[in-house]
Amino acid sequence: MATEPSTAARRPKQANAHALSPARARRHFDQPVGWRLAARYALLVAISAIVLFPVYTTVVAAFKPGDKVFRNPLVPDAFTLDVFSSAWSSGNLAQYLLNSLIVAVVVTTAQVVTSVLSGYAFALLDFPGKNVCFALFVATLLVPLEATLVVNFDTIDSLGWINTYQGLAVPFLATAFGTFLVRQVFMTLPRDLRDAAAIDGVGHLGFLRHVAVPLVRPTLGALALFSFLSSWNQYLWPNLVINEDDRNTVQSGLRLLSKSNLDEPNLVMAGTVIAAIPIAVVLIVFQRQLVRGLTAGAVKG
Amino acid sequence: MTKRPTVGANSRRAPGASVLAALAALALVAAACGGGESALRAGEDDPAPATAAPQTDPPDTAAPGTDASPPATTADGSVPATTQAAPVTTLAPLAQFPDCPTDALDAADGPVDVLFWHGMTNELESELIALTDAYNAGQDSVRVELQNQTSYGSTIDKFINASQSSRPDLVQLPEYTLQQFAESGTVVPVAACVEASGHDTSQFLPRTLSAYTYEGIQWSMPFNVSDPVLYYNRKVFVAAGLDPDDPPVTLEELRAVSQQIVDSGAAAFGIVIDSGPDSGGGWFIEQWFGRAGAPYADNGNGRLGPATEVLFDSATGVELLTFVQEMIDDGLAVSVGDNPDGSQSLLKMVDPDTPGAMTIGTSAALGTVIQVLGSGTFAGLTPEDIGVGPMPGPSDVPGAQVGGASLWIVADKDAAVTAGAWDYVTHLTSAQSQSSWAAGTGYVPVRVDALDLDPIKTTYADDPRFRVPYDQLQARADDITANAPVLGPQREVRVITARAVAAIIGGADVQSTLSAAVADANAAIAAYNSLN
Amino acid sequence: MTAVAVESHAPRPGDVRRPRRSPRWAEFPLAMGMLAPSAVILGVFILYPLGRAVWLGQQRCNTFGDVCRSNGFDQYVDLFRSVEFQNALVVTAKFALLTVPLGLALGVGLAVLADKYLRGLGVFRAIFSSTVATSVAVASLMWLFLLQPSVGALANVDFFNALFPSVKDPGWLQDPGTALTAVAMSSVWANLGFTFILVTAGLQSIPKDLHEAAAVDGAGGVRRFWSVTVPMLGPTLLFVLIVLTTRAFQTYGEIDLLTDGGPKPQDSTTTITYFVYGQNSPIRSDPGLQAGSAVLLFVILLALSALQLRGIGRRIHYGD
């Protein structure tokens, strides 16, 4: 195994052991030069090659016609776009992408709304049973999704929601995580703001809508991206509740595509490329939110 | 090493370290406090292994010529004559099961939608779509919608999980689900449809009907019947100085041929094997037992009454798996492991560096293999270079049991839907459909009259490879092992045997591994029987 | 990329607010109204199923779930001690021990490597972040093709399969000794972008002054890494650790697509989640055992979370 359990013992002293010196080192003081620079580049290039290798083989395969795909997997010795068009049409990928998009947008919107509402209640309202309620909310954070799916499937089934967008989305319309996140950021709002609004006769809902939400928009953006990615990447749940091709999400659809086209890896690879592109675009567009979105979870701690 | 984050500005033990340490501890604790019992025995009051079955197995050989598998008809109370005195075949009265209103289609206004779940992939799916399109275009009272559930396993899981209203109207299920689904109360026995519509089943191969008969009732309609065949590379045979028209039939021949191939350097391995539940780890073992005439389970392979125990640790089983193990040990065979989709063993035959010359696989792969090779995918290998022979096995005479899958009509649907599903079933199993289906895929036509129709008529005449699975099925003598064993938890049992086969391939002791697997399988059967 | 590593939204002491003039019941209806949507969803889809699963877990059912028999809660003990569950537990723990430290080390290493002033840095950063765009299905299918032993890409690179013959025979996903590591590799690869982005952001939030001061004090690169970078990254690393650990315990898609829980006989890649939901799982057709295993997974994660929360508690009280 790749672990060495005893490194903790070798842990050096903490940062504050080094007193901050007022003296300024020269700019870019640790910029590598000479062979160190070359070595660093070499390392970066080598690692980049390793990281990109699976992507490379995928793309090469996706552009190969059927009679070439099992040969010279590393050499792009043939080029055709036919595979993409047949993956697109026979693979039903447009439908999968649309389904994933619908579900992810619904889930994201709903999670933001429900989180704002409940987060506000926990942060700025006072009511009996608040602590118990909050404890219950937080407790749900500890329940892994996998522990609930067996029963959730039955629930969704008895509602007649198998093969529906509701079935895909409804269990995820609210999260304790979002509630917690929004509550935390609402608690940092200056108390005077709410007091002043109350004096002006602005109710809680008005305050929420016109003052509180605009102030925490970055956090909500982060939550939204986080929700969107989580929803988009759901794998197990769609595979459980979807059994008709027209309702497959990208993830469950790719599974179908791969399992029913074993003899055409180029088709499957083209499918994965198509499936990866939209999310890559989203991530490039929302780069800033991405970091916040991914780190949003850190406030759990 | 950067795996020990420190936290904040304190010098306490990092939580990261403690989590990782806890994980390591977890692994150790798990190893230390295991009970050594299968999860399938959880909740049993008595931890002792499943009790011995009340009726135990007959001797390994059934008297040849014994006709224990009469063609399915409705239960008329007659007990088939058999040399196995006990137990008497249980016969269930058809009337107690859901009926099949086959005439309801006439009363329906407008086309009826029938939802069909299947597990056909690759070429098989294309052929099924073609058959279905022809059906939908050919009449306007039923419209069939296909839903590919990616595999038999997924189909079963999804069917079981769903409530009756979320289930399809028609479902394709593999042969090993017979008892489980017959006892599930979720399906209409097709015997009821046959009876209600007066459908003529006289042209069907009797074996295909009896394969899907449980307790005297035919539960499902055979549609895609396959059996395992030997795929071999004819070029390698020639290079090794072997006759490419004379593939090995017995295990001894298989060994000799493999030896010659390896010795001549024509290929790195003689045969590619696997340990997948639906191939080398389960299905083929059942087939080999049938070929040897040895029962796989008690109570007449589970066909005279519910099986209570499996018998694959008998001398037959030990002999077979010792053979497999020695082939591996001697470098004559190579295993591709679990082979989840059945393609890994075939791909090993085209490995550019260390290929195998032969493999055993379902005949249903034949259409896909020919199609893939025909498109020039593998340099220097044309469809004609692949030979097909009967599955080598423990006897001089080829023989196989009915494998593949059948069509099940789901209960509690609208009468018109049930009637529509039945109508579609009769289309899929018509002589013409079966002829095209068999020619496109490598499946065995389920009826004799299909053989007189093109395209299969021409195919059988021109390409004997397609005929191998048919002849092999017909060659099998009628006795109690002519049909595949039936077990309640057969899918689980196959997973258990697959695990044993993988262990044996890896070098484990054959007898003790098989005995342990039998104990696990019997526990699974006991648990199943206690709940059904 | 913005340089927001960890936003500290934690309440500061003395910041606990109670709107002054409101009697406690006055806001009750409004609060209930605002909580209702979340509460209904969380109640119906998390708390109820958990409670129900705890009940189901002491039952054995037939395949179709219409005949069930209660065996008492000691069935959980049987289940926990069963060979299959123990195996799944060990596999899951091993998987976490493979993916979490390696993922962290790679993420931090690459982030530090790509944190200097170098020409073309943006390109390298983009490459290292790129895998964040792959979902589990996409990543697994890429690796499935890569690792196919007969015709796959790696198996047919001559120097590579000379170096590692097992990539061809029997194949990394087919060899019980390597399968879990191979799945872990694909998982580490897929998570690399996530870790890299987070750590890079964390690095950028460390004031350069700290490094410079340490350098003036004579600390070399390695020394600075341990005494400045790592402590300052603490919260980020903790977060990454938690996420990677949780993901490891919930691994399903990779297994479903790459190995189906195999190779047998040891079921070398059957994680707990795959044991519960996987296609070839022996308990796949027993809702009682499925629910029971899911509850055990919950309990195990709960224990791990307790450890993590202890760490979090410390950070809030003593951390930055």
Side-chain angles (χ1 to χ4, degrees), chain A residues 1-3 12 14-15 18 20-21 23 25 28-29 31 44 48 51 54 57-58 70 73 114 117-118 121 125-128 140 142-144 146-148 150-152 171 173-174 179 184-185 187-188 191 233 235-236 251 254 258 265 272 275-276 279-280 283 288 291-292 294-295 298-299 301, chain C residues 1-2 4 6 9 11 17-18 22 24 27-28 31 34-35 37-38 41-42 45-46 49-50 52-53 97 101-102 117 124 127 133-138 141-142 145-146 151 153 198 201 212-217 226-228 231 239 250 252-253 273 290-291 294 297-298 301-302 305 312 315:
Chain A
M1 215 158 301
T3 51
Q14 302 298 318
H18 301 269
L20 291 183
S21 163
H28 306 337
F29 67 100
Q31 184 170 20
L44 282 170
S48 299
V51 170
T57 52
T58 301
F70 283 111
T114 56
L117 288 176
S118 51
L125 297 183
D126 187 32
F127 54 94
T140 63
L142 300 173
V143 183
E146 288 72 14
T148 58
V150 178
V151 179
N152 279 351
L173 293 186
T179 301
Q184 297 297 84
V185 68
M187 288 185 79
T188 64
R191 188 201 301 177
N233 287 337
Y235 181 86
L236 181 49
Q251 314 302 333
L254 273 183
S258 76
T272 63
I279 209 74
L283 288 172
R288 283 168 175 278
V291 178
R292 283 177 146 273
L294 295 180
T295 50
V299 296
Chain C
M1 302 262 167
T2 44
V4 189
V6 175
H9 294 310
R17 73 203 61 217
R18 292 246 161 90
S22 54
R24 282 177 65 86
E27 292 175 341
F28 186 75
M34 294 177 93
L35 290 180
S38 298
I41 297 290
L42 297 180
F45 292 105
I46 296 185
L50 183 65
R52 174 130 181 88
L97 285 169
L102 188 63
Y117 301 94
F124 292 117
I127 290 172
T134 61
S135 61
V136 62
V138 169
L141 291 178
M142 286 178 168
F145 182 62
L146 198 65
V151 295
L198 280 186
E212 295 179 6
V216 168
D217 283 358
W226 284 109
S227 57
V228 178
F239 174 62
Q250 300 179 342
Y252 176 83
T273 312
Q290 270 189 296
L297 172 68
F298 162 63
L301 278 176
L302 197 64
S305 300
I312 288 161
R315 191 178 79 76

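All figures in this text were calculated on a predicted structure; none of them were measured in a lab. By convention in this document, chain letters (A, B, ...) are assigned in the order of the sequence lines, proteins followed by strands, and residues within each chain are numbered from 1.
For C:Leu141, the parts lying near chain A are the backbone and the side chain together; criterion is any non-hydrogen pair under 4.5 Å. In this structure, the portion of C:Leu302 lying under 4.5 Å from any heavy atom of chain A is its side chain and not its backbone.
Heavy-atom pairs under 4.5 Å with chain C peak, among A:Ser48, A:Ser258, A:Pro128, at A:Pro128. Per-residue heavy-atom pair counts under 4.5 Å with chain A were compared for C:Pro37, C:Ala153, C:Ala53, and the maximum is reached by C:Ala153. Of the listed residues (A:Thr148, A:Ile279, A:Leu173), the greatest number of heavy-atom pairs within a distance under 4.5 Å of chain C belongs to A:Thr148. In terms of non-hydrogen atom pairs under 4.5 Å with chain C, the most contact-rich of A:Ala147, A:Pro54, A:Ala275 is A:Pro54. No other option in C:Thr134, C:Leu297, C:Leu42 has as many heavy-atom pairs under 4.5 Å with chain A as C:Leu42. In terms of heavy-atom pairs under 4.5 angstrom with chain A, the leader among C:Phe124, C:Phe145, C:Tyr252 is C:Phe124. If you tally non-hydrogen atom pairs under 4.5 Å between each of A:Val51, A:Thr114, A:Leu283, A:Asn233 and chain C, the highest count goes to A:Val51.
Residues A:Thr58 and A:Thr272 form a side-chain contact, since some pair of their non-hydrogen atoms from C-beta on lies under 4.5 Å apart. Residues A:Ser118 and C:Met34 form no side-chain contact, since every pair of their non-hydrogen atoms from C-beta on lies 4.5 Å or further apart. Residues C:Met142 and A:Thr57 are not in side-chain contact: their nearest non-hydrogen atoms beyond the backbone lie 4.5 Å or more apart.
Side-chain contact, C:Ser135 with A:Gln251: a donor N or O sits under 3.5 Å from an acceptor N or O.
The two residues C:Ala294 and A:Glu146 have their closest heavy-atom pair at CB-O, 3.8 Å. Contact detail for C:Ser38 and A:Thr179: the closest heavy-atom pair is OG-OG1, 4.2 Å.
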Review point. Going through the distances and angles, do A:Asp126 and C:Phe28 end up as a side chain to side chain contact (heavy atoms under 4.5 Å, CB included)?
Key: CA-CA 7 Å; A:Asp126 187 32; C:Phe28 186 75; over 6 Å; no
